[in-house]
> 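A single structure is presented below for examination.
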There are 2 protein chains.
Amino acid sequence: MAGALKKDRATSSANAVTADLVAVLVAVTEGEPKIMTIANDGALPSGPFEFAHRSLQTGLRAWVEAQTGHPLGYVEQLYTFADRGRAGGAKSPHSISISYLGLTREDKVGQGFEAHWSGWYEYFPWEDQRAGLPASLAKTLTSRLRAWAKSAETTGLQRQRWQRAAITFGLDDREWNEELVLQRYELLYEAGLIPEAVRDGAAATTVIPGKPMTGDHRRILATGIARLRAKIKYRPVVFELMPAEFTLLQLQRSVEALAGRLVHKQNFRRLIEQQQLVEETGAIAADTVGRPAKLFRFRHGVLAERAIVGTKLPLSRT
Amino acid sequence: MAGALKKDRATSSANAVTADLVAVLVAVTEGEPKIMTIANDGALPSGPFEFAHRSLQTGLRAWVEAQTGHPLGYVEQLYTFADRGRAGGAKSPHSISISYLGLTREDKVGQGFEAHWSGWYEYFPWEDQRAGLPASLAKTLTSRLRAWAKSAETTGLQRQRWQRAAITFGLDDREWNEELVLQRYELLYEAGLIPEAVRDGAAATTVIPGKPMTGDHRRILATGIARLRAKIKYRPVVFELMPAEFTLLQLQRSVEALAGRLVHKQNFRRLIEQQQLVEETGAIAADTVGRPAKLFRFRHGVLAERAIVGTKLPLSRT
DNA sequence: TGGCTTATACTTATCCTGAGCATAATCGAA
DNA sequence: TTCGATTATGCTCAGGATAAGTATAAGCCA
């Protein structure tokens, strides 16, 4: 297996790195998305990938189970990135973080552990657009973004910056796009408007609301939220976050919680029903306000029956 | 940063691993998708992540540029997985592979290197459905899959296997889904129908057509193809593979080459034009058969103007 | 000139989506 | 008992997007 691209592996041990497994573990409780945090809510759970682990996912599952007392259900890989050795100098070994998105239910997690569930909008207040943004936050955000754009060297750059801010944050009559979680975080980081940026050397300014995290953890969380918001649109993953039986309104509230936006009730039901994602249990929800709702359960069959598609190509029949 | 999840890092050096960067480098030439290969077309280009690299992407770009003599354009991360130490025993250090998808043009790559461009359908003959499958291949595939299903212990398992095969391969009047590249590869691997499976210990049988690769490289390639096939539907990435000017038919042929399916010509143009992805150059294609076509170029502006969305939620206005 | 090939314009039926109206079922207070 | 508040659920309707095709234009070559 020679080849110009294949460096001599004799040097490999000198290039050894350590690999960390980081988890964005999500649950939705009473219409609020939660994430598992440790270290006084300032970090995502993470542990080293060890020899004993047969695979990366095995490693992740191993310590999450040890942590929560319950087996991990749905898991998917998010992203891998290398720390820019901010701790030590060139001598310190590189560290690689491999992040995962996991979906569970809060009540499935045992007590007596050091981890907590935190609301994810505590870390990203601007991402919750269900009731619109609080006027104060909207005002600060806009003015800070405008100031950042203005502070560019040339008018060309100023326009570019403002256009980028307007697109990602839905300003100037643009649509809000809930999937741009990571782009928004990275813009705020570049603009020096969040604590992590200041920590990493940006000019100190008054930062924007939203709890910071250690290292790149908030960036990883943003990646996880973005992935989840995109995925609920074309895969039936919300059901991983629902109890066995639920009303359509509860389902809707969960989707809204994740997306950070409100959906049209009647059309939402039509969508769910026409895709035959759920079936009635026959039971009726108790202790509710208003007309009692039917209870539904997820039709696990759909996973086997079809490979859910979303074609956007004008395919030809012949 | 204590926490039940955070193992003691004093042991980290004992858990050191090496990280490989693997590239699925794609080009489309004359309506055929190509990938860059080394080692007599049996491997994807790959190189170790080194201390000198500031980031993973930097590392990847570094050696790809060294290889092709041209800067790498569009790059995105694919997936990270850990080798199950198949080479040595428990003593051998874990190796992690971080794979990337890169898009270029064949003519941008310099000569005099050890790498080649190979047609990607040499590795996945069954993925090219543009002209339908060759009858012989279709027949072998179906009969082998049926045999595999039949060989299960119980009738329940047999039915399950056949259902899975039918869904992924579009049998029994099901639709062919071009995005299931990885699922198809993994099914064939499990069924022991490809050389890599036999190499890894499956019972020796006559394998199905399609060139094998070292290690997990064919699996990585499948991941890259799947990702690209999905992405061309909602992001304007095809244009990374096109020359500066092209006719709509050339664009269509490229899309078809990637998707492995034919598209409806008139509707394809309408789709492209209504999204305003291209603009006329004013010039006309030369030396063609039939009526000469207008030349178009990609409107780079769209990247800045909008964040292309694909909502599937019935959002509410209020 | 007629036949072959590709380009491009237009049509038609159908399905999907956004938006809203209308009615049903329950509870609690007047 | 009735009214109001609240949620559930059924249904309509217009507009836009899509699939599939027909028709015409514009080149080349025998």
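Chain naming here is simple, since letters A, B, ... match the order of the sequence lines and numbering starts at 1 in each. Since we're looking at a predicted model, the values are computed, not measured.
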> Describe, in one word, how the ring planes of B/Tyr185 and B/Phe124 are oriented to each other, choosing from parallel (under 30°), tilted (30 to 60°) and perpendicular (over 60°).
perpendicular
> How many whole angstroms separate atom CG of B/Asn267 from atom P of D/dA17?
14 Å
> Starting from P on C/dG20, measure out to CZ on A/Arg269 and report it in whole angstrom.
18 Å
> Rounding to an integer number of Å, can you tell me how far A/Leu262 CG sits from D/dT7 P?
14 Å
> For A/Phe246 and D/dA8, give me the distance from atom CZ to atom P, rounded to whole Å.
14 Å
> Does the base of D/dA19 carry an N or O that pairs as donor and acceptor with the side chain of B/Arg270 under 3.5 Å?
yes
> When we call it a touch if two heavy atoms are under 4.0 Å apart, what does B/Leu248 touch: a base, just sugar-phosphate, or nothing?
nothing
> Could you please name the option among D/dT18, C/dA7, D/dG27 that lies closest to any side-chain atom of B/Gln274?
D/dT18
> Expressed in angstrom and rounded to an integer, what is the separation of A/Ile272 atom CD1 from D/dA8 atom P?
14 Å
> Without decimals, in angstroms, what is the distance between B/Gln252 CD and C/dT6 C1'?
11 Å
> Counting only side-chain heavy atoms from C-beta out, which of C/dA9, D/dT9, C/dT26 sits nearest to A/Ala293?
D/dT9
> Start with the C-alpha gap between A/Asp128 and A/Trp120, add the side-chain angles, then the distance that decides, and say whether side-chain hydrogen bond (donor to acceptor under 3.5 Å, both in side chains) holds.
CA-CA 9 Å; A/Asp128 189 359; A/Trp120 81 19; over 6 Å; no
> For a 4.5 angstrom cut-off between non-hydrogen side-chain atoms, does B/Arg261 reach B/Trp176?
yes
> With a 4.0 Å limit, can you tell me whether B/Arg291 has a side-chain N or O closer than that to the phosphate oxygens OP1/OP2 of C/dT5?
no
> Assess the residue pair B/Thr29 and B/Glu106 against the criterion (side-chain hydrogen bond (donor to acceptor under 3.5 Å, both in side chains)); give the C-alpha distance rounded to whole Å, side-chain angles, the decisive distance to 0.1 Å, and a yes or no.
CA-CA 7 Å; B/Thr29 306; B/Glu106 187 170 349; 2.4 Å; yes
> Rounding to an integer number of Å, can you tell me how far A/Lys294 NZ sits from D/dT7 P?
19 Å
> Of B/His264 and A/Gln266, whose nearest nucleotide on DNA chain D comes first from the 5' end?
A/Gln266
> How many whole angstroms separate atom CG of A/Leu249 from atom P of C/dT26?
17 Å
> Return no unless some side-chain N or O of B/Lys265 is found under 4.0 Å from OP1 or OP2 of C/dA7.
yes
> What I want to check is whether the side chains of A/Glu76 and A/Tyr74 have a donor and an acceptor closer together than 3.5 Å.
yes
